[in-house]
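The figures here come from the full heavy-atom set of this structure, side chains too, leaving out hydrogens, waters and symmetry mates. Sequence lines set the chain letters: A, B, ... in the order given, protein chains first and strands last, and positions in each chain run from 1.
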Protein chains: 2
Amino acid sequence: MSVLERVQQAAETLTPSERQLVKQLIANPRDIALATASELASRVGVHEATASRLARKLGYPSYSGFRNAIQQEFIVKTDPAVRVRNTLDQTTSGDLLADLIGREIEALTALPRYVDMARLSEAARVLLDARRIFVFARGNAEALGVQVERRLRRMGLQVFALRGDARDSAEQVLAMEKGDALIGCVFRRQPKLYAPLLDHVRAVGAKSIIIAGSIGPSLAPKSDHLLFAPRSGSQEGFQTLTVPMAIANALVLAMAAEDKRGALEKLETLGQLIAAFEG
Amino acid sequence: MSVLERVQQAAETLTPSERQLVKQLIANPRDIALATASELASRVGVHEATASRLARKLGYPSYSGFRNAIQQEFIVKTDPAVRVRNTLDQTTSGDLLADLIGREIEALTALPRYVDMARLSEAARVLLDARRIFVFARGNAEALGVQVERRLRRMGLQVFALRGDARDSAEQVLAMEKGDALIGCVFRRQPKLYAPLLDHVRAVGAKSIIIAGSIGPSLAPKSDHLLFAPRSGSQEGFQTLTVPMAIANALVLAMAAEDKRGALEKLETLGQLIAAFEG
DNA sequence: TGGCCAACGCAAGAAAACTTGCAGCAATGT
DNA sequence: ACATTGCTGCAAGTTTTCTTGCGTTGGCCA
């Protein structure tokens, strides 16, 4: 039974102070969901004990139980991602595929909270201004690296993939100079090569861009530009490249949009870009 | 300063346990915003004291202060009213990122109309029963091929990637026998190699599975199993691998679910699979 | 006016949540 | 091999938050 249903049910027996509290709850449910009993009470100028008693009266075991219910109803259930998943569940009865798609959509929906156009544009400029671009992607990230490499090369940029073992990569990296850029993809754990690589990049005066998952902000040393967002799936489980690939794609589109030198100069909307872009 | 900025700033000094906590926070910010220190700690299996210390390290006066900041950033700021404004801003300013994400979601939502669990399960069975698996992916599809190869290999299967030019591939394919399987990825145009390759597969009595875009039904000769769905973006424009990658991921999950021989035998929901799967 | 009852604040007590000193342990360097 | 350093869990201490018995207050009815 929902919080509001319970309120309705108990409506007749509510005291004036309790009505005040309920009124406050209905007016600002999201605030109250995050507040303590005393906070709610002081908002309407009654004693916290009254709030505690209200929770009981509505059938909750404690004020915490009451607040949890409010949180579920007004925060968790109104989460955009959860809504999408519910919608999908209704259409196709929860099989693996629908579940997977739901998670992907959920993660994509959350993406703009972590990456915005300003960051993308900055990174895009760096890549456009770079003389040469080195791509670093190991392990799970490899497929993404392949894709990035491909797209950048298609834009007419000089791209080098850092493949092979540490020694091979080191040799390739020796060629790096000021004016070059590194774009790396990192998920799960920080690769052994990461720290020395970024140190080297900084030392020679090149720029670094990292596309990452949840680990992004924990990476050390920091890159010049960090584009990260959580991937879909639970932390240690089956995670996909959908979100980071979306970041990479957006980055490429941002480059196309930023590129004042190129043929795409005055195109602004994605629709126009798409029409002109050799995908 | 935002929570994530503080994390970045302190990134270098974070301990392994603290990184775990941060990762969890980034993956489920809204849950953590509503949880207590002990709850966050137990999610990643560390002591609540560690969570408390993390809050301090990030510059908050207490764990409550930390949690308040999280709530402000991930709940209050995404309040429906605020969100509507953001959405408007995005659409009016032709935000590339939001536009891209919208298209991806649209395409993903349509996926179940083209691929269902029955088809996926059939294909999964073929791969599980195959003695060896050959992966064919050229051009745009290459990144997807890399990913498929990786995932199948991780499941303990014998996988061979058909790389190099036509001659190289031909030589590799000569080894194919009855009981083997081919999984191919095809978008845009039918590759030169496609027809002879599939003829050969059929001739030796092996099975073929193709993951494709809109071109799927037009491919000739037909594969034994065809998994196709339109990709996001307009027909000839900037198309992404999101949808075909979702198909591939679903296929891998279906294999895990089908695998009666393996350790994953009785897992049914994606949640359980995820918990057990080394992604 | 007096008696009754419900409502409510008070404040002490209980529970939950958070903090912190300490010790064990593992990793790292000498 | 030993010393050092730093991470982390433990458990006791502290603070915050919630609950509850009690007494006062104010309204209502006889």
Quiz item: Starting at CG of L14(A) and ending at P of dA6(C), how long is that distance when rounded to a whole Å?
Solution: 16 Å
Quiz item: For L182(A), which of V126(A), L197(A), I209(A) qualifies under side-chain contact (heavy atoms from CB on, under 4.5 Å)?
Solution: L197(A)
Self-check item: R19(A) CZ - dA6(C) P separation (whole Å)
Solution: 16 Å
Self-check item: Distance test, side-chain N/O of S17(B) to OP1/OP2 of dC7(D), below 4.0 Å
Solution: no
Quiz item: Can you tell which of dC18(D), dT19(C), dA17(C) lies closest to the side chain of T36(B)?
Solution: dA17(C)
Exercise. Please determine if a side-chain N or O atom of R56(B) lies less than 4.0 Å away from the OP1 or OP2 oxygen of dT19(C).
Key: yes
Quiz item: How many Å lie between OH on Y60(B) and P on dC18(C), as a whole number?
Solution: 16 Å
Quiz item: Reckon E48(A) touches a base, only the sugar-phosphate, or nothing at all at heavy-atom distances under 4.0 Å?
Solution: base
Quiz prompt | Which atom of F74(B) lies closest to which atom of R30(B), heavy atoms considered | solution = O-NH1, 3.2 Å
Quiz item: Counting only side-chain N and O atoms of S52(A), is one of them less than 4.0 Å from OP1 or OP2 of dT19(D)?
Solution: yes
Quiz item: With side chains defined as the heavy atoms from C-beta onward, is the minimum distance between I32(B) and R43(B) less than 4.5 Å?
Solution: yes
Quiz item: Roughly how many Å is it from NE2 in H47(B) to P in dG21(C), rounded to a whole number?
Solution: 16 Å
Practice problem: Look at T50(A) and dA7(C) and indicate whether a side-chain polar atom (N or O) is within less than 4.0 Å of OP1 or OP2. | Solution: no
Practice problem: Report yes if some heavy atom in the side chain of F228(A) is under 4.5 Å from a heavy atom in the side chain of P217(A); otherwise report no. | Solution: yes
Quiz item: Does the side chain of R67(B) get closer than 4.0 angstrom to OP1 or OP2 of dC18(C) through an N or O atom?
Solution: yes
Self-check item: Closest listed nucleotide, where the reference is the side chain of Y63(A) and the choices are dC18(C), dT19(D), dG9(D)
Solution: dT19(D)
Quiz item: Rounded to whole angstrom units, what separation is found between the NZ atom of K57(A) and the P atom of dA6(C)?
Solution: 11 Å
Quiz item: Quick one: is dT8(D) close enough that its OP1 or OP2 comes under 4.0 Å of any side-chain N or O from T15(B)?
Solution: yes
Quiz item: From dG9(C), dT20(C), dC18(C), pick the nucleotide closest to the side chain of R53(B)?
Solution: dT20(C)
Quiz item: Can you check whether L58(B) reaches L54(B) side chain to side chain, under 4.5 Å on heavy atoms?
Solution: yes
Practice problem: Quickly work out the L54(B) CG to dT20(C) C1' distance and round it to whole Å. | Solution: 16 Å
Quiz item: Which of the following nucleotides, dC18(D), dT19(C), dG9(D), is nearest to the side chain of S62(B)?
Solution: dT19(C)
Quiz item: How many Å lie between CG on L40(A) and P on dT17(D), as a whole number?
Solution: 14 Å
Quiz item: With a 4.0 Å cut-off on heavy atoms, is A49(B) in touch with a base, just the backbone sugar-phosphate, or nothing at all?
Solution: base
